[in-house]
Novice: 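This is the structure I want to talk about, given as structure tokens.
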Amino acid sequence: MVDPRVSIIDERMRDIRKVIAVSSGKGGVGKSLIASILGLTLAKKGYKVGLFDLDFTSPSTHIILGIEGVQPKEDKGIIPPKVHGLEYMSIVYYSRDQATPLRGADVSNALIELLSITKWGKLDFLVLDMPPGIGDATLDLIRLIKKAEFLIVTTPSQLAFETVKKLASLLNGLRVPIVGVVENMKMNQSETIRQQTQKLGLTYLSGIPYDPNIEKTIGKTNRLLDTRFAKKVEQIVPSL
Amino acid sequence: MVDPRVSIIDERMRDIRKVIAVSSGKGGVGKSLIASILGLTLAKKGYKVGLFDLDFTSPSTHIILGIEGVQPKEDKGIIPPKVHGLEYMSIVYYSRDQATPLRGADVSNALIELLSITKWGKLDFLVLDMPPGIGDATLDLIRLIKKAEFLIVTTPSQLAFETVKKLASLLNGLRVPIVGVVENMKMNQSETIRQQTQKLGLTYLSGIPYDPNIEKTIGKTNRLLDTRFAKKVEQIVPSL
Amino acid sequence: MHEWALAEAVIAAAAEAAEKERLKEITEVWIKVGELQQVELDILEFALSQLKTDKFKNAKFKIATAKAELQCRVCGHKWVFNKETLDKDAAEAIHFVPEVAHTYIKCPKCGSPDFEIIEGRGVWLESIKGAK
Amino acid sequence: MHEWALAEAVIAAAAEAAEKERLKEITEVWIKVGELQQVELDILEFALSQLKTDKFKNAKFKIATAKAELQCRVCGHKWVFNKETLDKDAAEAIHFVPEVAHTYIKCPKCGSPDFEIIEGRGVWLESIKGAK
Ligand SMILES: Nc1ncnc2c1ncn2[C@@H]1O[C@H](COP(=O)(O)OP(=O)(O)O)[C@@H](O)[C@H]1O
Ligand SMILES: Nc1ncnc2c1ncn2[C@@H]1O[C@H](COP(=O)(O)OP(=O)(O)O)[C@@H](O)[C@H]1O
Ligand SMILES: [Mg+2]
Ligand SMILES: [Mg+2]
Ligand SMILES: [Mg+2]
Ligand SMILES: [Mg+2]
Ligand code: NI
Ligand code: NI
Ligand SMILES: [Zn+2]
Ligand SMILES: [Zn+2]
């Protein structure tokens, strides 16, 4: 017995120029905020952009982007609605944002299902908001989307950077491209993470300061784009 | 064919008075820091305490506690070494702190293996540092350790509290006891999370301020216990 | 209508299988459809007929359905998925992403959402027949 | 020597199974041990003999071993675990927690750590025989 879904995924990704997986071994480092703002920024620059929230048990990009009351259309597959200039896909369309306890095998199945039925069409960028940890979603992404590139997020904390090292070593071992490392929630001008990143042979893309006011802009895309956070995310674009 | 391991887990937990799972749908909210300091605090008060790091793909309590160069002993099972007064167990003894990509089914298997071979002996408290998300580790814990109680960690952010609501609704539906909610990384005196917690019918245990100096104490248990963070964690103890 | 996307996957997988077995022509394609996903079989069949490439021109598509059997990981209870017990929105959500069953369905015996879909999820390519 | 803990689990599981089947006495216990975990069979057997409760007093323990077969999820390659290719520390770590195989072993064909242990992990209770 063969699972036919994996045979169509290449076809579904065919017209997507770049797939950027925003990831980190660690949770709470700002992956979802960076993925959301990176998506908005690219769209504002005129690119065709998709954003796909792959944190199925704790999705948050719909909250960051204030997305409510939209659903995909069905047309020989499912067509993500365009919201704030992004073709936006999330499991919340189907879980209605209720608790969705999923084991790894379920995460894998849901990911494969959505990859095989979603019709993104032509995109310049598909941004993926990854869950924390190195588990089913990350492994399936590596396995199924050969053109995926990883953008790794860390904070200045040792605790975060340790998991980043592990993720980078996994990706390097498999020759999966790493766009570079973003250091988020910087509290001071320390160069430590920049240096450690370069020592790993990785590109240091941007250092985003801790901004106590970011919380107030959540759910409001115009205000999100007006923050210093967004300016710092914009610095990443030329490296993509 | 029967997996014999699950039949011995009750026996392994028999002499443990309380099992406290420090959890949160969200990553990066301070679960590992709180679990570590809670463990140290209870031990300092004279309780017999175990600490078990269940974040297998991104373990961090060994870094927080500065644990290196110890290994469990083998004696009709494995006996966790006592470090800083804690019987301490982590997958890093076996992964040597290298990248350990695990799918959910592997997480489940490793958890069941360690639960069935680890001999904690008599403990007042076994503190579990949970991974983020609502996945295999959380579901197996609910399934296999009937006496587990959940201590839920959030930050003041909507993004974190949304996932806390989902976790609480899952646990309530299954009548799994929730010790209460800890609000970590408070930047101001806002009462919002306290009110929202109480609206959910849950106990608000403690509000821990954001402390930019905590990073410097990581790896140094004496200094960790000297922080305001630790004072705030101590407030939780009477509710356990 | 996302049955069309699933049909495309079946055709692609059958073509791959034919390639591996070095078949010049495919005469039969056996498909299994699990009831959990509530795939509309007539749409699936129509889509398959429209998506036929040259290799499939004489192919018959044989579709079997499988009941959706769920088993609770906590209490071991087994039961069969019954669409009628769900509201329309939940059933539709499961149609697209069967895993959200863990949001809407609980073990009828113990109330746990921690169950396994042991049979009857998704669309499977069972086997193909053809000529070399 | 953590084989003792595994033996305790086997005895507990066999006793539970006997309870379910309402057996008064257990005469045979069939056990399967996967090679990935490198369980020391003589220690396991000794532990089982020492842990026998009354119900097991005439029980024979029959232990079969299973080769550890791994299959890569990326390229599909299958291979058999060979302890000799690992350094001693890695082999010992896998002895305790077989899942750390994903830290030390890579697919020999494509280098991926994303493989499945399709056979030969852990200790299993295959079946029991007894008298009512
Ligand atoms: N630069 C920053 N300054 C202040 N708060 C931030 C910053 N980046 C992220 N946050 C906050 O940190 C929390 C975690 O961010 P999130 O994007 O959800 O991380 P992840 O997706 O990695 O779990 C959120 O509450 C978010 O608002
Ligand atoms: N109250 C606090 N003040 C400052 N930093 C904190 C505080 N609590 C946690 N941190 C930091 O936040 C990061 C995440 O903490 P951690 O305990 O690893 O969270 P989790 O286990 O939930 O992922 C770490 O870098 C930690 O040092
Ligand atoms: Mg996130
Ligand atoms: Mg942690
Ligand atoms: Mg579907
Ligand atoms: Mg073992
Ligand atoms: Ni449909
Ligand atoms: Ni041993
Ligand atoms: Zn049940
Ligand atoms: Zn391989």
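Below, chain A is the first sequence line, B the second, and so on; all start at residue 1.
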Novice: Take B:Glu74 and D:Phe96, measure what side chain to side chain contact (heavy atoms under 4.5 Å, CB included) needs, and give me the verdict at the end.
Specialist: CA-CA 10 Å; B:Glu74 256 191 287; D:Phe96 290 107; 3.1 Å; yes
Novice: Going by heavy atoms in the side chains, are B:Arg103 and D:Glu116 under 4.5 Å from each other?
Specialist: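 No - every pair of side-chain heavy atoms lies 4.5 Å or more apart.
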Novice: Using a cut-off of under 4.5 Å for heavy-atom pairs, which of B:Ile78, B:Asn109, B:Thr100, B:Ile8 has the most such pairs with chain D?
Specialist: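 Answer, by heavy-atom pair count under 4.5 Å with chain D: B:Asn109.
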Novice: In a table with atom names and distances, give each donor-acceptor pair under 3.5 Å that connects a side chain of residues 118-130 of chain D to protein atoms at least two apart or in another chain.
Specialist:
unit_1, atom_1, unit_2, atom_2, d
D:Glu119, OE2, D:Lys32, NZ, 3.2
D:Arg121, NE, D:Glu99, OE2, 2.6
D:Arg121, NH1, B:Glu113, OE1, 3.2
D:Arg121, NH2, B:Glu113, OE1, 3.1
D:Arg121, NH2, D:Glu99, OE1, 2.9
D:Arg121, NH2, D:Glu99, OE2, 3.3
D:Trp124, NE1, D:Arg121, O, 2.8

Novice: With a 4.5 Å heavy-atom cut-off (strictly below), which parts of residues 59-70 of chain D touch chain B? List them by number.
Specialist: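 Against chain B, none of the residues of residues 59-70 of chain D fall inside the cut-off of heavy atoms under 4.5 Å.
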Novice: Under 4.5 Å, heavy atom to heavy atom, which residues of residues 101-113 of chain D contact chain B?
Specialist: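 Against chain B, the residues of residues 101-113 of chain D that fall inside the cut-off (heavy atoms, under 4.5 Å) are D:His102, D:Thr103, D:Tyr104, D:Pro113.
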Novice: How about D:Trp30: does its CH2 atom have over 12 heavy atoms from other parts shown lying under 6.0 Å from it?
Specialist: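 No, not enclosed.
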Novice: For the candidates B:Ile79, B:Leu102, B:Ile9, B:Val6, which exhibits the highest count of non-hydrogen atom pairs separated by less than 4.5 Å from chain D?
Specialist: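 The candidate making the most pairs under 4.5 Å is B:Leu102.
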Novice: Under 4.5 Å, heavy atom to heavy atom: which of residues 64-73 of chain B reach chain D? Give them by number, or say none.
Specialist: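 Under the 4.5 Å heavy-atom cut-off, nothing qualifies.
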Novice: As an exercise, state the distance from NE2 of D:His95 to OH of B:Tyr94, rounded to the nearest 0.5 Å.
Specialist: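 OH of B:Tyr94 is found 9.5 Å from NE2 of D:His95.
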Novice: Given side chains that start at C-beta, do those of D:Val100 and B:Arg96 come closer than 4.5 Å, heavy atoms only?
Specialist: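 Not in contact.
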Novice: Before giving the answer on side chain to side chain contact (heavy atoms under 4.5 Å, CB included), spell out for B:Lys119 and D:Glu8 the whole-Å C-alpha distance, their side-chain angles and the decisive distance to 0.1 Å.
Specialist: CA-CA 12 Å; B:Lys119 298 212 160 167; D:Glu8 282 182 286; 3.0 Å; yes
Novice: Inspect the surroundings of NZ in B:Lys146 and state if more than 12 heavy atoms from other residues, nucleotides or ligands are less than 6.0 Å away.
Specialist: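 It does: B:Lys146 NZ has more than 12 such atoms within range.
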